[in-house]
Amino acid sequence: MIRVIIADDQELIRESLNIVLSVHEDISIVGLCADGYEVLDQLKRTPADIILMDIRMPKMDGSYCTKLIKEQYPNTKVIILTTFDDDDFVFSALKYGASGYLLKGVSMDELYHAIKTVYNGGGMINPDIATKVFSMFSKISSGENMAIHVDKEREKELSKNEWRVIQQVSFGLSNKEISQKLFLSEGTIRNYLSSVLAKLHLRDRTQLAIWAVQNGITTRDLDDGNN
């Protein structure tokens, strides 16, 4: 059962999402919140796997709330839902650890698929704003925004298989999808990912993906047969 909290300052949207998502037998709505403070209070009482988070809310917005959630509840995933495709909001939400960013105009089937994808370890970005995200990554790599830096000596500690996992993470694949592509078990992929984050001193797979994109890992040829 996927435990979901819906956070939106508009009651109509909260209730509508609650009704639509509750028809799925594998989803349990465990909280309806109007701002970031209510989300944090709800999490103290009820654990959640996924937060559907509006980006613009009174008192505490979804971006800053995402930061606090990932600090206090690192296993809880956040999907940002918004009518706004503002670059700064996209970047800050992903930087703070959001696993998905969807416009509110997506269909309910797309939203359900996004919840399942994120729950299983993947990421989900609405195609309408994907171009903006990659544009931001490009700006990061050229120094126009704050880049994520890794000591070159730490890179030397990575094995060939760890580089392969990094590359697949930068493509936005889930652990399950990476395991299928690299013909390794999901447990092995998780172990590689944990090792990579420890070696590079990075917080999570979102930071890893941004670092990989800004350093051109997506275009490297890693299929030379070495481990």
Side-chain angles (χ1 to χ4, degrees), residues 2-9 29-82 84 86-102 111 114-126 129 133 136-137 140 145-150 165-166 169-170 172-175 178 189-214:
I2 305 174
R3 299 164 297 182
V4 176
I5 290 175
I6 298 170
D8 196 292
D9 62 329
I29 306 300
V30 298
L32 300 177
C33 304
D35 60 57
Y37 287 109
E38 290 188 14
V39 172
L40 296 175
D41 287 341
Q42 184 68 49
L43 284 171
K44 292 177 183 177
R45 301 190 299 270
T46 311
D49 302 301
I50 303 285
I51 313 290
L52 294 180
M53 183 91 73
D54 183 20
I55 200 72
R56 294 201 183 193
M57 297 184 292
K59 299 181 181 178
M60 182 190 295
D61 64 43
S63 178
Y64 188 67
C65 185
T66 297
K67 179 179 185 294
L68 297 182
I69 288 171
K70 298 308 293 185
E71 289 175 351
Q72 301 175 33
Y73 308 93
N75 294 325
T76 298
K77 309 292 180 60
V78 177
I79 298 176
I80 298 296
L81 279 176
T82 183
F84 302 91
D86 186 280
D87 291 4
D88 291 336
F89 279 124
V90 174
F91 178 69
S92 63
L94 292 175
K95 180 179 68 175
Y96 289 145
S99 299
Y101 199 105
L102 302 175
L111 179 57
I115 292 172
K116 295 279 288 184
T117 298
V118 169
Y119 178 74
N120 288 318
M124 183 64 66
I125 299 178
N126 189 287
I129 59 173
V133 173
M136 280 189 299
F137 285 154
I140 291 171
N145 279 312
M146 184 184 299
I148 294 176
H149 298 287
V150 168
V165 169
I166 291 171
V169 168
S170 72
L173 299 187
S174 67
N175 288 349
I178 296 173
I189 298 302
R190 284 194 296 270
N191 289 338
Y192 275 136
L193 186 56
S194 295
S195 174
V196 165
L197 293 176
K199 288 179 179 179
L200 299 183
H201 293 190
L202 295 176
R203 183 185 64 229
D204 52 35
R205 69 190 298 142
T206 300
Q207 281 196 339
L208 178 63
I210 293 174
W211 172 78
V213 170
Q214 72 186 27

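Atom set for the values below is all heavy atoms of this structure, side chains included, hydrogens, waters and symmetry mates excluded. Small disclaimer: the values here were computed from a predicted structure and weren't measured.
For the pair Arg3 and Asp49, the salt-bridge criterion is met [side-chain N within less than 4.0 Å of a carboxylate O].
Taken from CD1 in Ile69 to CG in Asn75, the straight-line distance is 13.0 Å, to the nearest 0.5 Å. The CE atom of Met53 lies 9.0 Å from the OG atom of Ser63; values are rounded to the nearest 0.5 Å. Here the CG atom belonging to Leu208 is positioned 5.5 Å from the CG atom belonging to Leu197, to the nearest 0.5 angstrom. The line from CD1 of Ile189 to CG of Asn175 is 7.0 Å long, rounded to the nearest 0.5 Å. Within the model, atoms OH of Tyr37 and CE of Met57 stand 11.5 Å from one another, a figure rounded to the nearest 0.5 Å. Taking SG of Cys65 as the start and CD1 of Ile80 as the end, the distance is 8.5 Å to the nearest 0.5 Å.
Between Leu81 and Asp8, every side-chain heavy-atom pair lies at or beyond the 4.5 Å cut-off. Within the 4.5 Å cutoff, the side chain of Leu52 has heavy atoms near those of the Ile115 side chain.
The two residues Tyr73 and Leu40 make their nearest non-hydrogen contact at OH-O, 4.3 Å. For the residue pair Pro58 and Ala34, the shortest heavy atom distance occurs at CD-O, 4.1 Å. Gln42 and Val30 make their closest contact through NE2-O, 3.1 Å (heavy atoms, listed as atom of the first residue, atom of the second, distance). For the pair Ala48 and Leu43, the tightest heavy-atom approach, listed with the atom from each and the gap, is CB-CD2, 3.9 Å. Closest heavy-atom contact between Gly97 and Thr66: C-CG2, 4.3 Å. Heavy-atom minimum distance, Lys70 versus Pro74: NZ-O, 3.0 Å.
Proximity of a side-chain donor or acceptor of Ser194 to a complementary backbone N or O of Arg190 within less than 3.5 Å is detected. Lys77 contributes a side-chain N or O that, together with a main-chain N or O of Val118, makes up a donor-acceptor pair within less than 3.5 Å. Remark: the backbone N or O of Gln207 is paired with a side-chain donor or acceptor of Asp204 at under 3.5 angstrom.
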*Could you go step by step and tell me if Met60 and Val39 meet the side chain to side chain contact (heavy atoms under 4.5 Å, CB included) rule?*
CA-CA 10 Å; Met60 182 190 295; Val39 172; over 6 Å; no
*Check against side chain to side chain contact (heavy atoms under 4.5 Å, CB included), Val196 and Val169*: CA-CA 11 Å; Val196 165; Val169 168; over 6 Å; no
